[in-house]
Amino acid sequence: MTRLSVEMLAADAPEAITSAGHAQLGIAVLAGIAVIVLLITKFKLHAFLSLTIGSLALGAFAGAPLDKVITSFSAGLGSTVAGVGVLIALGAILGKMLADSGGADQIVDTILERASGRTMPWAMVLIASVIGLPLFFEVGVVLLIPVVLMVAKRGNYSLMRIGIPALAGLSVMHGLVPPHPGPLVAIDAVGANLGVTLALGVLIAIPTVVIAGPLFSKYAARWVDVPAPERMIPQRPSEELEKRPGFGPTLATILLPVVLMLAKALVDIVVDDPENSVQRVFDVVGSPLIALLAAILVGIFTLGVPAGFSRERISSLVEKSLAPIAGILLIVGAGGGFKQTLIDTGVGQMILDISEDWSIPALLLAWLIAVAIRLATGSATVATVSAAGLVAPLAADMSTTHAALLVLAIGAGSLFFSHVNDAGFWLVKEYFGLNVGQTIKTWSIMETIISVVAGALVLLLSLII
C-alpha cells in the first residue's frame with residue numbers, strides 16, 4: 001500500500017516530511033489520541049468503536065482523503081487479526097480447558113500443600129506466573145482470587161501479603177510474555193522474533209515479579225491491613241467435578257507451547273541455516289499456531305479426559321471459550337487499524353525523525369509513549385497496540401534482540417500506574433473489598449513497580465546484548 005503523506009497523499013512514492021508536515025502530523029496524532037481517550041473515559045464508548053473513530057479523526061486532521069484512511073484502517077485491522085487472532089482464540093481455548101477441567105486448581109492445591117509461613121507469598125507468585133501463561137489477565141484474576149481469599153482467611157495471612165504476589169504474577173505475564181494479546185500485537189507490528197521475545201520476556205519477568213510481588217507485598221501489607229472479605233469467596237470450578245487431572249500432566253500441558261517456541265528460538269540461533277532440515281522442523285513445530293494447537297490437542301487427553309469430559313462437553317467448552325474473546329479480538333483488530341493509519345499518514349516516519357533529532361533512545365521512547373497512552377486510556381492493550389504502531393519504524397534497522405526488547409519496552413510501559421480508568425483497577429478493588437485509596441496504595445503502585453523495573457531491565461539488557 002502506498003504511504004499517505006501530508007504533502008504527497010496522491011504521490012506514487014512518499015517523500016520526506018517537512019517541518020510544517022511534522023507540526024500538522026503532531027497535531028493529528030494528539031487529536032486522534034484525544035478522541036480515543038475522551039470516547040473511552042468520558043463517553044464510556046467501547047474501545048473498538050473508540051479506536052475506529054479515532055483512526056478516522058487522525059486521518060482527517062492529517063489532511064488525508066478519508067477513502068484512503070478507511071483503506072488503511074481496514075488493511076491494518078485485517079492483517080492484525082490474521083496475524084494474532086487465531087493465536088488469541090487458541091490461547092482462550094487452552095485457558096478455558098485448564099480452568100474447567102480443574103487443572104488450574106490442581107496446580108494451585110499441589111503447590112500450596114508444599115508451602116507455608118514465609119514461603120506462601122513465593123508460592124502464590126509461582127502459581128500466578130504458571131497459571132498466567134495461557135490465561136488472559138481477567139480470567140486469571142477470577143480464577144485465583146478465590147484461592148487468595150481462602151489462603152488468607154484459613155492461614156490468617158494479611159490479604160495483601162498473599163494477593164499482591166498473585167496479581168504481580170498475572171500482570172507480568174500479561175504485559176511481557178506471549179502468547180498474551182498485547183505482546184503478540186507488538187511483535188506483529190514491529191516484526192520481532194516471537195521466540196527471542198518470549199525468552200527475553202521470561203528473563204525480565206522473573207526479577208520483575210519477585211520485586212513487585214513477594215518483596216513489595218511486605219510494604220503493601222503494612223500500608224493496607226484488611227481481612228479477606230468472606231462475601232467475595234466464590235465457588236471454585238473443580239468443586240463441581242468428581243475428579244480432575246494430575247499435577248504433572250497439567251503442568252506439562254501448560255508449558256508445552258512455551259517449550260516448543262523457546263526450542264525454535266534456540267535452534268534458530270544455534271543452526272542459523274533456513275535450509276537445514278532440523279531448523280525447518282522446529283520452524284514448524286515451534287510456530288505459535290502449531291505450539292498452541294499442539295497444547296490444546298494434548299490437553300484434551302491430559303485435562304479433558306481425566307476430568308471425565310465427554311466429546312460433547314469438550315466441544316461445548318471450546319465454543320464457550322470463544323464467545324468472551326470477541327471484544328478482545330475487535331479491540332486488537334481496531335488497534336491494528338489505528339497502527340496502520342499512523343504508519344500510512346507518515347506518523348511513524350515523524351517519530352523516527354524526532355528520535356534522531358532529540359537523541360532519545362528508541363527503547364526509552366517506546367516506554368514513554370506506552371506510559372502516556374496507558375495513563376490516558378487505562379487499557380494496557382490499547383497502549384500496546386497504539387505505541388507499537390507509533391514506534392514500529394524504529395525497529396527497521398534493529399537487531400533481532402533489540403527488536404524483541406522494543407516489544408518488551410512497550411509492554412512494560414503499558415502496565416504503568418493502573419488507576420480509575422482501568423477495568424482491572426475496579427476488578428481488584430471489588431474482589432479484595434478495598435476503597436479507592438487502598439487500591440491505589442497497593443494495586444496501582446504494584447503496577448508502577450512492574451513497569452519501571454521491567455523498563456529498566458530492558459534498557460540494561462540493551463547495553464549488554
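Count residues from 1 along the sequence. This one's a predicted model, so the numbers in the text were calculated from it and none came from an experiment.
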Within the structure provided, determine whether [X] and [Y] are in side-chain contact (heavy-atom separation under 4.5 Å).
X      : Y      : result
Val428 : Met446 : no
Ile107 : Phe247 : yes
Phe216 : Ile445 : yes
Ile127 : Leu112 : yes
Phe309 : Ile300 : no
Val371 : Phe417 : no
Ile164 : Thr442 : yes
Leu262 : Val202 : no

Where the side chain of [X] meets the backbone of [Y], is there a donor-acceptor pair that is under 3.5 Å apart?
X      : Y      : answer
Ser451 : Ala412 : yes
Ser129 : Leu126 : no
His419 : Leu375 : yes
Thr80  : Gly76  : yes
His402 : Ile465 : yes
Ser444 : Ser418 : yes
His46  : Gly327 : no
Ser217 : Pro214 : yes

Review point. Going by distance alone, is a donor N or O of one side chain under 3.5 Å from an acceptor N or O of the other, for Ser315 and Glu319?
Key: no
Check your understanding: Just one of Leu200, Leu363, Val177 clears the side-chain contact (heavy atoms from CB on, under 4.5 Å) bar with Leu408, so which one?
Key -> Leu200
Practice item. Evaluate the side-chain contact (heavy atoms from CB on, under 4.5 Å) criterion for residues Leu251 and Thr110: first the C-alpha distance (whole Å), next the side-chain angles of each, then the deciding distance (0.1 Å), finally the verdict. Key: CA-CA 11 Å; Leu251 185 62; Thr110 302; over 6 Å; no
Point to revise | Ring-face cation contact, Tyr157 with Arg161, 6.0 Å cut, 45° max | key: no
Exercise for review: Only counting residues at least two apart or in another chain, list the ones meeting side chain to side chain donor-acceptor pair (under 3.5 Å) with Asp268.
Suggested key: Lys264, Gln279
Point to revise | Residues which pass side chain to side chain contact (heavy atoms under 4.5 Å, CB included) with Ile296, listed by chain and number, not counting sequence neighbours | key: Leu90, Ile93, Leu94, Met97
Listing request: all salt bridge (charged side-chain N to carboxylate O under 4.0 Å, His left out) pairs with a residue in [range], at least two apart in sequence or in separate chains.
range            : value
residues 196-222 : none
residues 367-376 : Arg374-Asp422, Arg374-Glu447
residues 121-132 : none

Review point. Do the ring planes of Trp223 and Tyr219 sit parallel (below 30°), tilted (30 to 60°) or perpendicular (above 60°)?
Key: tilted
**Study point:** Shortest non-hydrogen contact between Leu133 and His180, atoms and distance
**Key:** O-NE2, 3.4 Å
Practice item. Go through the structure and list residues passing salt bridge (Lys or Arg N to Asp or Glu O under 4.0 Å) with Lys96, not counting sequence neighbours. Key: Asp100
